[in-house]
Structures are given as structure tokens and as C-alpha cells.
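Here the structure is laid out as C-alpha cells; the discussion comes afterwards.
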Amino acid sequence: MIVTTKKLFEAAYGKYAIGAYNINNLEQIVGLFRGNLLSQAPFIIQISKGARSYTDKLLLEGLIRSADEVFPEAIFAVHLDHGDEQTAYECIESGFYSSVMIDASHEDFETNMAITKRVVDAAHAKGIVVEAELGQLGGVEEHVQVDEADAKLTDPKQAKEFVDRTGCDSLAVAIGTSHGAFKFSGSQSLHFDVLAEIQKTLPNFPLVMHGSSSVPEDEVARINAAGGKIEGAKGVDAGQFKRASELGVTKINIDTDGRLVWTRVHREVFRDHPEVFDLRKPGTIFMEEYAKFIAEKNRYLGSEGQLEKVRALLTD
Ligand code: G3H
Ligand code: 13P
Ligand code: ZN
């Protein structure tokens, strides 16, 4: 069942965070649904602009519609990740997305607010909710490249004004994370002090943490042992998700870790079985491993076991 992120956030606020997972293909979608049902968790399926154009957005949407039929117990939101204004309008018009992100965080404060407000007006007219972003993460985003040194943490005072003036439904904040597998170069860490200030100015308002992959050392080591070359990778300690959710974070974005699972499975299969050329061999293992990975993430997020409570809330 597709629901808005707003409903999921009402259930989760202050207690746990909902996992927001990026998907690009059939195997990820199947692993994602299986993993969330395995751990009885509500979830958010995220589609980036790159994912929409990887094959054709209609193919991806069709796969998700079918997964909704194949896994009728699942409760999830369909969300555009890091949308620009044009893509946000396309997703709003499509009637398929329950939530869109407008990411104008690379613009100045006033321009970011003006763009966000236009998208909020268009989305709300159709019952769709909007995530916006204020502050800049380090690392690479789809249409923005930000050096670690230039990453700007969210200003708590601006956050309140931003939300009041745009009417957005949730806010992605920059508190020290970055996208990709190479976070925290030097001695950086999560800025819980900034997060606590933001929560003070915006009590009960859902916050979002991007760039939250953990980039597990053992996963990277297995990839490298199977011929990979990923050096100096570092991520967010999943043990910190709980504290973040107590401070108002209700959505935690994870993409890179899923890509690492994919890379490890495929490298190991082809290393250990050089005779294999049946794509279903690594595909089957990947779906199983990805499902396990999702279930484990949900345990850290606290969304494990929340599915029936959310269902009850939805039918109230
Ligand atoms: O933050 C970006 C996500 O990891 C999506 O990545 O734009 O390569 O699909 P992508
Ligand atoms: P990671 O690169 O840490 O997985 O972050 C993903 C993300 O923020 C997607 O919007
Ligand atoms: Zn992101």
C-alpha cells in the first residue's frame, strides 16, 4: 500500500526513523520488499533522477506497482530523491509519487525558499507531500558537487523561517554527513548539537538525514579481497540513528550501502565461480543478501516491528 511520508512520520516522530532506500532495478525492488516484510517495517522507496533515466521511469514505476501487488502487506511511500523543479513537477503530475523532494539547497536562501514554495503549492494541490533541503552536505549530489570543506551545516534559525515560509512537510538538514562512500575525511562527525538546536526551533517537525550509509569496513574488505579497489571509505555509525531519531529525524537515506552489497555479491560470485554466465545466479544471491541488509538496517533505525502499528494508525 502506497502512503504519504507524512503518515509514516506521524507514527515515527521522536521514536524511530523510517528507512529511505534508493532503487534502480528489479533485484533491488524485490530485495527491498522482502527485507522490509522480513523485519515488519514500513519504508520509503526513493527514486533519483538518475534512476528515472537509467532505463525508463515507466519501467521502474511499473516494477514498483507490481511489487505492491506481489507483496500486498507492505506499507511504503514512493518518493522522488533530490528532485530539481522540473522533475518534481513531472512526478507530481504523474500521479504515482506520494512524496517529492525539491533540492534547491545549492541556491541562496531566498531562491531556495521561492523554488521550494512553488513546488509545495503544486504538490499540496494534489495531496502530495514535499521534502526540502537547507544547508549543504559534503560529497556529490546529482546536480551539485560540494567539496567537503565547503559543506554548510544547516542554520537552526534559518530552518524555522524556511519551514514557515515554504510550508514544506519535512526538511533535510546538513549536520555533518555526506553522500557516497567517503564520509568524514579528517575528524568530522555528526553534529548532534546543531540537530538539537534545529529541533528546538522546529518541535515535532520531521527532519531528514541524507548521506547516512555506514560503509561497513568488512563489506569494503570483502569487495577489495574479490578484486575491488575502494580505499579510505568511511560512513555513519548506525548506532547513532537512535539518537538522531530522538532529536526529530524521521527519515534516514541509504543508498551507498546497498550498492556495496551489490558489488560484493557480484565480485564474489564471479571470483568463486568463473564458469558462471547465468545472470540469475548473482541476482538470486543479491536479492537474498539485500533483503537481509534491509532487515538489519531497520533494526538500527527502530522501524523493525512497526508495520502493524502503522497499519492500525492508517485505518483509524
Ligand atoms: O543522493 C543521491 C543518491 O545516492 C542517488 O544517487 O543520483 O546516482 O541515483 P544517484
Ligand atoms: P548515502 O550515499 O550515504 O547512501 O546517502 C544516500 C542519500 O542521501 C540519498 O539521497
Ligand atoms: Zn541525498
Side-chain angles (χ1 to χ4, degrees), residues 1-21 32-33 36-37 39-46 64 68 71-81 83 88 91-92 96-102 116 119-121 123-134 154 159-160 162-173 175 195-196 198-210 212 241-254 294 297-316:
M1 185 197 327
I2 299 176
V3 298
T4 62
T5 46
K6 197 179 178 112
K7 283 279 170 203
L8 300 181
F9 296 160
E10 278 166 20
Y13 190 88
K15 300 191 281 274
Y16 63 93
I18 311 275
Y21 300 102
L32 180 65
F33 277 76
N36 282 298
L37 289 180
S39 61
Q40 290 288 286
F43 62 100
I44 297 165
I45 195 161
Q46 304 209 114
I64 297 168
D68 193 19
F71 303 97
E73 319 94 278
I75 298 178
F76 60 101
V78 179
H79 175 77
L80 168 68
D81 190 28
C91 292
I92 292 164
F96 181 60
Y97 291 71
S98 59
S99 171
V100 295
M101 175 184 190
I102 170 67
T116 300
V119 172
V120 166
D121 289 345
H124 284 183
K126 299 227 168 199
I128 295 164
V129 296
V130 178
E131 172 185 327
E133 180 167 332
L134 181 65
T154 305
K160 164 102 179 101
F162 187 93
V163 169
D164 288 347
R165 284 178 55 192
T166 63
C168 65
D169 303 279
S170 61
L171 186 68
V173 292
I175 55 163
L195 185 57
I198 297 170
Q199 194 195 29
K200 248 188 244 163
T201 65
L202 287 169
N204 296 315
F205 189 80
L207 304 174
V208 179
M209 211 164 89
H210 282 244
S212 300
F241 291 170
K242 189 171 186 318
R243 185 158 172 219
S245 63
E246 286 163 1
L247 291 170
V249 170
T250 49
K251 172 174 179 275
I252 292 192
N253 286 14
I254 294 162
I294 295 286
K297 277 288 174 208
N298 291 339
R299 192 166 333 122
Y300 282 106
L301 293 164
S303 61
E304 175 189 60
Q306 299 291 338
L307 187 63
E308 292 314 316
K309 277 188 221 153
V310 169
R311 198 185 312 282
L313 204 79
L314 291 170
T315 48
D316 262 357

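Computed over heavy atoms, backbone and side chain alike; hydrogens, waters and symmetry mates excluded.
Rounded to the nearest 0.5 angstrom, L314 CG and K309 NZ are separated by 14.0 Å. To the nearest 0.5 Å, atoms CD (E304) and NZ (K297) are separated by 14.0 Å. In this structure, the separation between NE2 on H124 and SG on C168 is 8.0 Å, given to the nearest 0.5 Å. In this structure, the separation between CG on D68 and CZ on F33 is 6.0 Å, given to the nearest 0.5 Å. Rounding to the nearest 0.5 angstrom, the gap separating the CD atom in Q40 from the CD1 atom in I75 is 9.5 Å. Atom CD of Q46 sits about 4.0 Å away from atom CG of D81, to the nearest 0.5 Å.
Side-chain contact between T201 and V163 is absent, with no heavy atoms from C-beta onward closer than 4.5 Å. Side-chain contact between K251 and M101 is absent, with no heavy atoms from C-beta onward closer than 4.5 Å.
Here the shortest heavy-atom pairing between G19 and L301 reads CA-CD1, 3.4 Å. Residues S303 and P42 share a closest heavy-atom pair of O-CD, 3.7 Å. The shortest heavy-atom contact between L307 and E73 is CD2-O, 3.8 Å. The two atoms that bring I128 and V100 nearest to each other are CG2-N, 4.2 Å, heavy atoms only. Looking at every heavy atom in both residues, F43 comes nearest to A74 through CE2-CB, 4.2 Å.
No donor-acceptor pair under 3.5 Å is formed between the side chain of S212 and the backbone N or O of I254. With hydrogens and angles ignored, the 3.5 Å screen pairs no side-chain donor or acceptor of S245 with any backbone N or O of R243.
Heavy-atom contacts from other residues, nucleotides or ligands closer than 6.0 Å to OH of Y300 number 12 or fewer.
A side chain to side chain contact (heavy atoms under 4.5 Å, CB included) with F76 is found for one member of L32, I44, I18, I45 and no other, namely I45.
In summary, R311 and E308 engage in a salt bridge, as defined by a charged side-chain N under 4.0 Å from a carboxylate O.
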Would you mind writing out the side-chain donor-acceptor pairs for residues 1-13 within the sub-3.5 Å range, not counting sequence neighbours?
unit_1, atom_1, unit_2, atom_2, d
T4, OG1, K7, N, 3.4
T5, OG1, S99, OG, 3.3
Y13, OH, Q199, NE2, 3.2
Y13, OH, N204, N, 3.2

